[in-house]
Structure formats: structure tokens, C-alpha cells
Number of protein chains: 2
Amino acid sequence: MKHNKEGNTEQQILEAAETLFLEKGFALTSTTEIAKVAGCNQALVHYYFRTKENLFEAIFEKKARLFFSVIFQNEGADRSFEQRLKETIEAHFDIVAANSKIPFLFINELTTNQQRLITLSEEFVSAREEAFRKVEQELQAEIKKGTIRPMELIDLLITVISLNLTLFLVKPIIKVITNISDEDFQKLIAHRKQENVKIILNSLKP
Amino acid sequence: MKHNKEGNTEQQILEAAETLFLEKGFALTSTTEIAKVAGCNQALVHYYFRTKENLFEAIFEKKARLFFSVIFQNEGADRSFEQRLKETIEAHFDIVAANSKIPFLFINELTTNQQRLITLSEEFVSAREEAFRKVEQELQAEIKKGTIRPMELIDLLITVISLNLTLFLVKPIIKVITNISDEDFQKLIAHRKQENVKIILNSLKP
DNA sequence: ATTCTATTTAATAGCTCTATTAAATATCGA
DNA sequence: TCGATATTTAATAGAGCTATTAAATAGAAT
């Protein structure tokens, strides 16, 4: 049975670590700093998670799961392929917007640490394989019908990801360069969401 | 007068630093490692550049200059706006492709180090301001003519950057997940270049 | 050959970081 | 209350890092 003084120390460490890792990545975040933000002794970080690596992985996996949780809106034969694609793009955009630091964390850690990538890909790639196959079939069926120009699913995927991620990847840069207010950035986000949908749907036309 | 044993030590340090900084960013690269790759004593890195920060800035500025060197192909009234835009997109894509690690370096350093961003933006943003104004005027003229749907230059810019950068930002991820060969990745790049041009030009239609 | 300067080296100060340990303290059940 | 267990703390080992220093070496100029 656990019995901490005030609240849940382990939880506070997790929250502090999440904030800091998302802010600066694994390398620039120290367990000393995590402890300071969590309001506890530095040794406690290691008491609960033994290594900084373990702590990071707990958070990274959780975020990976969230990030890949959007799947093509397959259900409902009452809606057209285009309509369901639109909904998927919007859902993906919304998740990225609500977790706007995840893209940076991902690219940062997966680029500098190949091993992390290998472990992750095993779990996620195979889990998505079946879903991909189904959507690919639907896409090719649409192409055969002539409603969409010839293309592969991977092309569509790259386009969606490119358009939906980049705004948030360069968010800190835009903020400093343009001095844009939070309110105006929110407006820009809402505008880009519609813009992205428009661009992508346009790009499918035969 | 300089007189090193073999070759130019300073140059070798610069080259080693460039490789490593592009690979892993500022924080994960040590002067010890730079010296090892450059084939010299670690103290020499500090002898020539005094601080790691100085060395980094030398490389970062050079890369920033390269990265922002593409400007809208203004010259030549014989070519249409669309044709010149196409050439600009392709030139931008080519520069990114030839320096595919720069986007990662940029986003990594500018996100984790606000100060670097502030220094950089002062130099570059003001230098580009005039060029932007001119292209914005041309764009609005096209819109008035009815050849392009109503939009602002910043929208077009975000779209171009999004599509042109992301493939290279996620390159390490794609390589591990898909086990794609270098040759096939080159093919993917060539394909995406045309795809991006197509998507962007399509997105302008009224 | 000698002197002057530039380059290179080994050694190390001083710092921060991760992780561990032993001791102290708190909490629970009996 | 008491003992067992969980949590917390201070201290520190051990490693790596940046930057400096003093001494050694090489090359050019006189």
C-alpha cells in the first residue's frame, strides 16, 4: 500500500516530467529539474522510476498512443469516402492542435535515438497494418470509379501529415518572429484547419 | 601566417562539427567528440573557437543563410506567375533535399533556444520583408484577375514549407519503419517533388 | 642557429548530471 | 504501542562535459 505525505508523489513526478520533456526533450531535461518542478527530492525520481530513461519511456509511449489514435473514420456507409476523409483530417488536426508539442518530441527523439524508434515501430506499425490495407482498398475503389485521380495511400498520408504537423512544429518560431498573440494564433489554427482540408480534397480531383 | 601539420585543422574542426551538429543537435554533441572526428586534440576545438557556442553559431548561421537563400523567381516577365511559382517551389525543394538535415537542426535549436531565434530573426526577417511585399502584390494582382482564388501570401508560404520540409523531417523515421533503400528513397523524393508542385498549384485554383 | 610566433598536447579545475546508499521519517496493521 | 514497510532525505560516488593553463613542439624569419 502506498502512502505519501501529500497527494501522489509519483503522479506529480510524471506530470513534471511530461511538461519538461515536451518542452525541451530528453537530453535537456535533468532529473534534478523534474524533482524541482514536482516539488520533491531528486532521489525520489529515481526511487519511483529507477532511471530517467524509464520515466521518459512511460511518457513517450503514452503520447505515441495518443498521437496514433486517429484512424480513418471507416464506419458508416452512409457517408462518402470524401466525407469520411474530411472527418479524419479534421480529427487528426484537432489531436495535434490539442497536443501541439508532441510532433517536436517525436521528431526530436526518433531522430536522435534510433533504438527508441525501433522499439516503437514494432508495436505500432503492425497494429496499423490491417487498417491501412482496408483504407487502401477503399481508395483504389474510388480511383477505379474515377472520383479520385490515380495515387497511392502513402501519398495521401504524407500530404495529410505534412500539412497537419508543420504549423505546430514551427509554432515557437512563428511566435517569436511575428509576435503574434495567442488569440491570433488560435485564429490562424482554425483557418489552417479548413485550408488543409480544402487543399487535400482538391488534390484528389482527377 | 598559419602553418598546421597536415591540412587545415580549423577547417577539419568545422567539418566535423557540421556533421555532428546536423546529426544530433547542439546539446548532444560534445567538443570531445568533435575533436575525435576532426582527428585532433580536444583543446584545439576551444583554441580555434573558444566556446562550443561560437563554433555552433558559425555553422548555424551559414546553414540559415543557405536555407533562406531561395527567393521567389521574380525576374522574367516572359514567364507566368504560376510558372515562376512552380520554379520557386522546385528550387526550395531541391535545396531542402540537398541539405536534408537542416530542417531538423532548425526546429530543434529554435524550439529549445529562444535567444538564438531572436538573434536570427532580426537579421533575416527584415532582409526578406521587401521581397515578400513585392510577391504579395503580384499574388493579389493575380487574384484580382481571377486566375487565383482569394488568399494571403502567408497561406501559400505555410503550404509550401509544410509540404517541402516534412518528408525530410521524418526521413529517419520512414527509413527505420519501412526499411526503404537509399535508392527507393531517392525515387520517393523525386515523386514527392512533382506531387507537391501539383498539390500547391491545384490549391490556387479559384 | 636562434628567436619568435603559431600550433598542439596533457593535465586538470570546476561544473552538472545520473544513480545509489544509508539513515531518517511517516504510515499502516496488528 | 510496536514493528514492518513505504517513503523521503542528505550525501556522495562516478562519469562526462566545457574551458583553461602551462608546457612542448613545429615553422618562419632573421
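Numbered from 1 within each chain, the chains take letters A, B, ... in sequence-line order.
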Rounded to whole Å, please give me the gap between CZ in B:Phe56 and P in D:dA19. 14 Å
If you apply the rule salt bridge (Lys or Arg N to Asp or Glu O under 4.0 Å), what do you find for B:Glu90 with B:Lys86, and how did you get there? CA-CA 6 Å; B:Glu90 287 173 345; B:Lys86 178 173 183 287; 3.2 Å; yes
Roughly how many Å is it from NZ in B:Lys24 to C1' in D:dG16, rounded to a whole number? 13 Å
For the pair made of CG in B:Leu44 and P in D:dA24, what is the distance, rounded to whole Å? 17 Å
Give the ring-plane orientation class for B:Phe21 versus B:Phe26, where under 30° counts as parallel, over 60° as perpendicular and anything between as tilted. parallel
What does nucleotides 14-20 of chain C look like as a protein-contact string, B for base, S for sugar-phosphate only, - for none, at under 4.0 angstrom between heavy atoms? ---SBBB
When you look at CD of B:Gln114, are more than 12 heavy atoms from neighbouring residues, nucleotides or ligands closer to it than 6.0 Å? yes
Verify the neighbour count for atom CD of A:Glu82: are there more than 12 heavy atoms of other residues, nucleotides or ligands below 6.0 Å? no
In sequence, state the C-alpha distance, the side-chain angles, and the governing distance for A:Lys134 and A:Glu138, and then conclude on salt bridge (Lys or Arg N to Asp or Glu O under 4.0 Å). CA-CA 6 Å; A:Lys134 192 167 172 194; A:Glu138 287 195 62; 5.6 Å; no
If I take atom CG in residue A:Asn41 and atom C1' in nucleotide C:dT21, what distance separates them, rounded to the nearest angstrom? 13 Å
Under 4.0 Å between a side-chain N or O of B:Thr9 and OP1 or OP2 of C:dT7? no
Could you tell me if the ring centre of B:Phe93 sits under 6.0 Å from that of B:Phe168? yes
Between D:dT18 atom P and B:Lys36 atom NZ, what is the distance in whole Å? 14 Å
If only side-chain N and O atoms of B:Tyr48 are considered, is one of them under 4.0 Å from the OP1 or OP2 phosphate oxygen of C:dT8? yes
